[in-house]
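Data first, discussion second: the structure below is written as structure tokens.
Computed from a predicted model, the values in this text were never measured in an experiment. Values below: every heavy atom of this structure, side chains too, minus hydrogens, waters and symmetry copies. The first residue of the sequence shown is numbered 1, and numbering continues consecutively from there.
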Amino acid sequence: MAVSRIGLNAWFNKKIVDPLYQIISRGTEPKQLAFSAALGITLGIFPICGVTVLLCGMAIALLGSLCHAPTVMLANFVATPIELSLVVPFLRFGEVISGGPHFPLTSDALKKVLTGQASHEVLLSITHALLGWLVAVPFILAALYIMFFPFFKILVRKFNSVPSSPRKSPNSFTEIQLKVRDV
């Protein structure tokens, strides 16, 4: 048990903590980090598995400098287990919104899906899940941004190696030259 815990800790540090530390220490603004993390998680919980990286790439291309690409992709990676756990709630939420039929999640339904007998019902359930996600997106994005902003503000202040303002240091090269010429 201790060996597996050490392996999990090493994996967690290598895949999540170290990239997050590198992102924070490079001087990105807390607002941009909070928006990018919220965007990455929001797109990362898209109810169709395997599409989230493409969605994040498109969002990064469309938003350009408004978002921080590494943060979006890291948040997308972190959101993968959450994505899998939210497919059914998005499906049920979409069914409620549309007033559509309830898709049964039983072994008989799975058998029909695998044999191709329930193709219409499956497409309808995917549509309901997408509808549920689409309606929830603004609320999820806003809530995550509100949660992440103070978190990133503290982390950037603590771990940022780049000065937050573009002030020149008192001993810049041009000032040293001026002081030498004055003497």
Side-chain angles (χ1 to χ4, degrees), residues 1 4-5 7-20 23 31-64 66-152 155:
M1 172 113 161
S4 65
R5 185 176 292 172
L8 184 61
N9 284 338
W11 179 88
F12 186 78
N13 285 332
K14 181 180 177 186
K15 297 291 183 183
I16 296 171
V17 175
D18 292 343
L20 182 61
I23 289 167
K31 286 181 181 180
Q32 188 181 28
L33 288 172
F35 173 70
S36 299
L39 181 66
I41 289 177
T42 303
L43 294 176
I45 60 172
F46 187 73
I48 299 176
C49 299
V51 180
T52 61
V53 172
L54 179 64
L55 284 176
C56 288
M58 289 178 9
I60 290 166
L62 287 172
L63 295 172
L66 295 175
C67 68
H68 188 248
T71 306
V72 172
M73 296 311 277
L74 180 63
N76 177 37
F77 175 71
V78 169
T80 301
I82 302 167
E83 170 193 20
L84 298 174
S85 66
L86 288 177
V87 170
V88 174
F90 284 139
L91 168 64
R92 297 300 179 223
F93 185 48
E95 289 171 349
V96 168
I97 292 170
S98 69
H102 183 76
F103 183 74
L105 297 173
T106 63
S107 59
D108 290 339
L110 178 62
K111 188 176 174 183
K112 285 182 181 179
V113 168
L114 294 176
T115 59
Q117 297 173 353
S119 59
H120 176 71
E121 291 88 6
V122 170
L123 287 175
L124 190 60
S125 68
I126 291 171
T127 305
H128 287 151
L130 290 174
L131 176 65
W133 176 81
L134 196 60
V135 169
V137 160
F139 302 105
I140 295 169
L141 186 64
L144 288 173
Y145 177 79
I146 290 168
M147 280 180 13
F148 288 152
F149 180 65
F151 172 73
F152 280 115
L155 286 178

### Query
Can you name the closest pair of heavy atoms from His68 and Leu33 and give their distance?
ND1-CD2, 4.0 Å
#### Entry: Side chain proximity check, Leu134 to Leu130, heavy atoms < 4.5 angstrom
no
## Note on the structure
OG1 of Thr71 to CZ of Phe148, rounded to nearest 0.5 Å, is 11.0 Å
### Task
Taking all non-hydrogen atoms of both residues into account, name the closest pair between Ile60 and Met73 and its distance.
CD1-SD, 3.9 Å
### Message
If you apply the rule side-chain contact (heavy atoms from CB on, under 4.5 Å), what do you find for Lys31 with Tyr145, and how did you get there?
### Response
CA-CA 8 Å; Lys31 286 181 181 180; Tyr145 177 79; 3.6 Å; yes
#### Entry: Any donor-acceptor N/O pair, Arg92 side chain to His102 backbone, under 3.5 Å
no
### Query
Can you check whether Val122's main-chain N or O pairs, donor with acceptor, with Ser125's side chain at less than 3.5 Å?
yes
### Summary
Phe152 and Ala37 have their tightest heavy-atom pair at CE1-CB, 3.8 Å
### Task
Measure the spacing between CD1 of Ile146 and CG of Leu141 and express it to the nearest 0.5 Å.
10.0 Å
### Summary
Closest heavy-atom pair, Gly132 versus Phe93, reported as atoms and distance to 0.1 Å, is O-CD2, 3.4 Å
Enumerate donor-acceptor pairs with a distance under 3.5 Å from any side-chain N or O in residues 38-57 to protein atoms, sequence neighbours excluded.
residue : atom : partner : partner atom : Å
Thr42   : OG1  : Ala38   : O            : 2.6
Thr52   : OG1  : Asn76   : OD1          : 3.1

### Summary
Output for pair (Ser36 OG, Leu74 CG), nearest 0.5 Å, gives 11.0 Å
### Task
Find the distance between CG (Leu63) and CE (Met58) and round it off to the nearest 0.5 Å.
11.0 Å
#### Entry: Set of salt bridge (Lys or Arg N to Asp or Glu O under 4.0 Å) partners for Glu83, sequence neighbours left out
none
### Task
For Leu124, enumerate each residue passing the side chain to side chain contact (heavy atoms under 4.5 Å, CB included) test, keeping only those at least two apart in sequence or located in another chain.
Pro101, His128
